[in-house]
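Each remark here refers to the structure printed beneath this line.
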2 protein chains.
Amino acid sequence: MSKQNLPVVDLNAAACCPPLAVRPMDAEQAVAVAPMFKALGDPVRLRLMSMIASAPEVCVCDLTDAFDLSGPTISHHLRVLREAGLVEGDRRATWVWYRARPEAMRQLSALLETAAAA
Amino acid sequence: MSKQNLPVVDLNAAACCPPLAVRPMDAEQAVAVAPMFKALGDPVRLRLMSMIASAPEVCVCDLTDAFDLSGPTISHHLRVLREAGLVEGDRRATWVWYRARPEAMRQLSALLETAAAA
DNA sequence: ACTCTGATTCGAAATCTGTCTAGACAATAG
DNA sequence: CTATTGTCTAGACAGATTTCGAATCAGAGT
């Protein structure tokens, strides 16, 4: 399961850059970063992301049980998160385990930082 | 232009809550927050958001000029950002001016915070 | 080798999105 | 009052997304 671990989003291209509020983001970076936000823009994926990020790693079987959705649907959402570079997963024996990629989360968090508290 | 200023997303319902990585987000909060991430999940909207957030306020005319898109398309994207609660706009004389809502940005930033630097 | 379980991929249906053109609305200037 | 300019709404359409069931793949164990 090597292909599964390669995020489609290039974190190096996207990781950098000042917060959104510092100066207008250029088109190239926007294209690089938008898929990450898009991946989090679905309630199911947001919960999946949170479940995965809240533990060192999580088995797909546990994720599937937590939703009233078919296995293939969960698998699809995990793929979106994976291709956005937000999580990674690997098979160990019978099960596939997913982990969050904290660098990606930190990057998005930094992008949204604002001047100071209101 | 009163209706235009009411975000559809209830920031009070969404604002709260520990970071994604602290504990699994419940379904209700996920439904409340996902539209904000979704709104940022398009390259055009991400750039619009950044342009708006980088200045105290911005005229729609300047935003339209910065893209190779029709006026109505920009207007559509601004509406999505507005309904997500990320920006607000009001008409003054001939022009409509938009401002970022820093509380919303701060909320999303906080949700994505992780334990510590890698 | 066969089978069982866990997970992904495939193919299809219903719905949603991004974009456009055309038209409506708002405010200013003749 | 009408014309002009800036912005939004309405309607349309191609393409993407979400979801499913069926088929397939990967290992473990008989």
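Owing to the predicted nature of the structure, the values given are computational and were not obtained by experimental measurement. The sequence lines fix the lettering, A, B, ..., with proteins before strands; numbering per chain opens at 1.
Here the P atom of nucleotide dA24(C) and the CZ atom of R91(B) are 17 Å apart, to the nearest Å. The distance between atom CZ of R92(B) and atom P of dT28(C), rounded to the nearest whole Å, is 13 Å. As a whole-Å value, the separation of L78(B) CG from dT7(D) P is 10 Å. Atoms CZ (R79(A)) and P (dC10(C)) sit 7 Å apart, rounded to a whole Å. Across the protein-nucleic acid pair, R47(A) atom CZ and dT18(D) atom P stand 16 Å apart, rounded to whole Å. A straight line from CG of D90(B) to C1' of dC8(D) spans 15 Å, rounded to a whole angstrom. Rounding to whole angstrom units, CG of residue L48(B) and P of dG18(C) are separated by 12 Å.
Within residues 60-67 of chain A, the residues approached by DNA chain C to less than 4.0 Å at the level of any non-hydrogen atom are V60(A), C61(A), in residue-number order. Residues of residues 37-45 of chain A having a heavy atom closer than 4.0 Å to DNA chain C: none are found.
Where W95(B) and V80(A) each meet DNA chain D at their nearest nucleotide, the meeting point lying more 5' is that of W95(B).
Hydrophobic side-chain contacts under 4.5 Å tie W95(B) into a cluster, directly or through other members, with W97(B).
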Using the 3.5 Å cut-off, write out each protein N or O paired with an N or O of nucleotides 20-22 of chain D and the distance between them.
from, atom 1, to, atom 2, distance (Å)
dC20(D), OP2, S70(A), N, 3.0
dC20(D), OP2, S70(A), OG, 2.8
dC20(D), OP2, T73(A), OG1, 2.4

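By the side-chain contact (heavy atoms from CB on, under 4.5 Å) test, V31(A) pairs with P43(B), sequence neighbours left out.
The C1' atoms of five pairs define one axis at each end of the helix from dA1(C)-dT30(D) to dG30(C)-dC1(D), and these two axes lie 10° apart (to 10°).
Nearest to the side-chain atoms of T94(A) among the listed nucleotides dT19(D), dT7(D), dA28(D) stands dA28(D).
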